[in-house]
Amino acid sequence: MKHKKITVGLASCGISAGGDTVYKTFEELLSQNKGSGAELGKTGCIGACFREVLVDLTDEKGTYTYAEVTPEKAKEIFEQHILNNEPIKDYLMSDLESSQEASFFSKQKRIVLRNTGVIDPENIDHYIMRDGYKSIEKVLKSMSREEVRDVIKKSGLKGRGGAGFSTGMKWDFASKEVSDKKYMVCNADEGDPGAFMDRSVLEGDPHSVLEGLSIASYAIGADEAYIYVRAEYPLAIKRLIIAIEQAKERGYLGKNILGSDLSIEIKLKIGAGAFVCGEETALIASIEGKRGMPTIRPPFPAVSGIWGKPTIINNVETLANVPYIIFHGWEGFASIGTENSKGSKVFALTGKIKKAGLVEVPMGVSLREVIFDIGGGIKKDKKFKAVQLGGPSGGCIPGDLLETPVDYQSLMATGAIMGSGGMVVMDEDTCMVDVAKFFMNFVRDESCGKCTFCRIGTKRMHELLVKITEGKGVDEDINKLMELAYNVKDSSLCGLGQTAPNPVLTTLKYFRHEYEEHIKNKKCRSKVCKPLLTYTINTEACTGCMACVKKCAVDAIIGEKKKPQSIIQEKCIKCGSCYSVCTFDAVNVE
Amino acid sequence: MDKELDSLLDKYRHMQGNTIAILQGVQNLYQYLPEKALLRVSEYNNIPLSDIYGVATFYSQFKFKKPGKFQIKVCHGTACHINNAVRISEIIEEELEIKPGDTTADGKFSLDEVACLGCCSLAPVIMINEQVYGNLDDKKLRKVLKSY
Ligand SMILES: Cc1cc2nc3c(=O)[nH]c(=O)nc-3n(C[C@H](O)[C@H](O)[C@H](O)COP(=O)(O)O)c2cc1C
Ligand code: FES
């Protein structure tokens with residue numbers, strides 16, 4: 001029988017969708033059918049998370065992608081495709097040319113994700129086969145530290161962690177410092193709640209980050225590097241440990257890399273759950289084993305970082321770009337994107353979107369293209385309301401700005417930011433005041449408490465938003481919110497506080513009418529803010545099953561058995577439990 | 001206390017900046033940070049207990065109460081929030097009769113709210129010990145809870 005290869009997508013999301021059991025099913029089938037000649041492997045996130053579990057099957061004719069695979073389907077696929085050479089058309093992700101999945105992939109530009117979902121991340125040979133570690137080789141053979149920094153500068157690569165500072169220039173700062181010791185750090189803290197780009201890269205292609213980190217270390221003259229990764233990513237940690245071991249064995253890491261006099265040691269530091277530790281000075285404090293409190297800059301980490309030594313911190317995605325740039329030259333990279341924003345950007349596309357997943361687009365495409373052409377538009381064809389970029393430091397962009405191109409300046413002009421790549425799509429059922437309250441609650445919780453405006457200001461802003469969503473808001477609350485927002489922005493020590501008011505400011509800018517409706521008309525048009533809703537029973541639909549009567553905690557529903565019920569408004573506490581328990585759609589919400 | 005703790009402390013002795021790693025190790029051993037263990041860490045390394053407590057309370061990973069046999073984490077990240085994570089929390093609180101941060105009387109379940117488990121495309125998401133459950137609705141969630 002001919003040689004076949006089964007590859008199961010095993011990133012965190014694939015595993016939670018059942019990828020592990022599918023993998024085990026294939027494993028069992030293979031051991032029962034030793035003569036099948038097929039081989040089993042795993043890979044990282046293929047990106048089309050909306051169709052997990054994904055399985056690639058390669059035979060002599062090509063590669064077939066099966067979507068939404070279950071253990072039952074796996075058995076059928078095994079019997080028909082592996083043993084009898086007949087692909088099961090119905091289970092395929094459909095042939096790409098004609099399908100809607102075509103647009104999901106065709107508008108993308110995969111630089112950072114070049115290997116993610118393609119190679120087995122736990123096998124260094126897969127990475128090497130795709131030009132892996134060729135860049136560090138090139139650097140060591142033929143480039144001075146200065147030349148490396150120069151290429152990165154010319155490529156136009158900017159930091160993908162949020163601030164968007166030129167990576168090459170940053171490296172220059174540290175290389176100018178004279179010191180017996182320098183540190184290089186990879187920031188894999190990924191704190192934005194609603195983002196998983198860095199996790200996917202670490203799980204799907206850890207070696208590219210290690211190679212980028214080594215090249216960066218060489219460029220600034222560091223011999224020790226840290227990867228600060230959050231504890232919530234156990235799989236990423238596991239794969240990094242494996243990758244570091246393998247790279248050491250092959251001489252790509254450790255002492256005298258590839259026989260040169262360059263030595264680099266990479267250590268993992270596991271975060272312990274604090275959003276602020278993504279901020280550079282807080283991250284340094286955390287690596288030193290202290291409370292993650294930011295400090296005043298200057299001195300900048302490039303001058304005085306870990307244990308007072310020059311330190312450069314770069315994001316996972318930034319570093320994953322580096323080997324590509326070295327290998328293909330800066331011109332290749334700089335030809336992608338716009339005047340001021342070069343290369344591509346990875347986004348975690350989530351929320352009320354049809355095709356949630358991991359996408360990478362060239363800089364300069366419009367938000368509309370990302371959300372509608374790649375993402376397939378809004379779930380259940382509801383109305384688009386806003387897209388949130390940049391998490392707690394970012395903002396909400398409304399529908400009439402959907403033509404905004406994805407580049408640093410244009411996004412900044414809307415009041416949002418590029419951010420690290422979280423892109424959460426919201427529809428007509430999302431209340432923008434509630435979203436502002438959500439983020440304010442988050443930063444209030446995560447503020448380290450060092451400076452007054454951030455500590456107390458975010459709390460006061462959150463209180464005002466709670467008041468408004470409970471229907472107790474008064475006109476002047478909006479002005480109070482604005483005043484507090486500008487004060488917190490201007491008077492906070494670190495990026496957390498300085499950007500914390502952004503979600504409030506952008507929702508006020510684009511969705512002020514929703515705030516006003518909450519305050520003046522005591523209405524929440526998206527039916528999210530429960531205290532502003534009125535529950536009634538549709539007497540035509542109600543069968544008198546009494547399910548809601550039993551659920552109601554305050555005995556506000558009355559009526560006879562088998563007859564329509566009614567709600568006593570004075571007693572109702574608007575908890576919504578009658579609405580969720582009713583199976584006849586007989587509870588109306590206004 | 002016991003040998004395992006001491007061998008953990010031996011491993012990190014005289015190493016700069018390992019307070020967090022030590023506390024993570026302690027929590028791995030006991031599933032939380034027992035007071036006695038923290039006293040031992042303080043003694044052994046000559047670090048004031050107040051410093052250790054300061055670090056432990058700063059990071060949300062560290063617990064001072066013994067968690068349940070099954071630790072439930074409900075995601076309240078952005079994607080989960082707009083996909084009705086609030087309702088998910090309500091149901092769990094109702095079914096298990098506990099609030100976030102608590103453990104059921106029989107020690108079986110404990111409940112925490114967290115920000116983003118990194119599986120946003122499956123929102124709303126919960127995690128029970130290491131297992132992730134996504135795309136939850138009322139029915140599916142109740143079924144998951146019953147399976148424990
Ligand atoms: C509150 C706060 C949280 C941050 N979280 C992250 C993060 O999770 N990951 C990240 O790469 N950068 C984060 N940053 C940005 C980093 O401080 C830093 O700018 C970045 O890691 C630099 O790398 P880059 O130049 O490659 O983007 C955060 C900044 C702030 C103020
Ligand atoms: S927002 Fe819930 S998993 Fe990311």
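Chain naming here is simple, since letters A, B, ... match the order of the sequence lines and numbering starts at 1 in each.
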For the interface with chain A, which of B:Thr19, B:Asn84, B:Ile20, B:Leu23 has the highest count of heavy-atom pairs at distances below 4.5 Å? B:Ile20
Checking heavy atoms, do the side chain of A:Asp427, its backbone, both or neither come under 4.5 Å from chain B? neither
Residue selection (most heavy-atom pairs with chain A, distance under 4.5 Å) from B:Ala79, B:Cys80, B:Ala123, B:Gly134: B:Ala79
May I ask you to decide whether A:Lys385 forms a salt bridge with A:Asp429, counting only side-chain N to carboxylate O separations under 4.0 Å? no
At a 4.5 Å cut-off on heavy atoms, which part of A:Val425 comes close to chain B: side chain, backbone, both, or neither? backbone
Output field: ring centroids A:Phe275/A:Phe442 closer than 6.0 Å: yes
Side chains of A:Lys437 and A:Met432 in contact at under 4.5 Å (non-hydrogen atoms): no
Contacting moiety of A:Cys431, where chain B heavy atoms sit under 4.5 Å: neither
Contacting region of A:Leu358 [heavy-atom separation from chain B under 4.5 Å]: neither
Once you measure the plane-to-plane angle for B:Tyr53 and B:Phe64, does it fall in the parallel (<30°), tilted (30-60°) or perpendicular (>60°) bin? tilted
Please look at A:Pro392 and chain B and tell me whether the side chain, the backbone, both or neither of the residue comes under 4.5 angstrom of a heavy atom of that chain. neither
B:Phe109 and B:Phe70 aromatic ring geometry - parallel, tilted or perpendicular at 30°/60° bounds: tilted
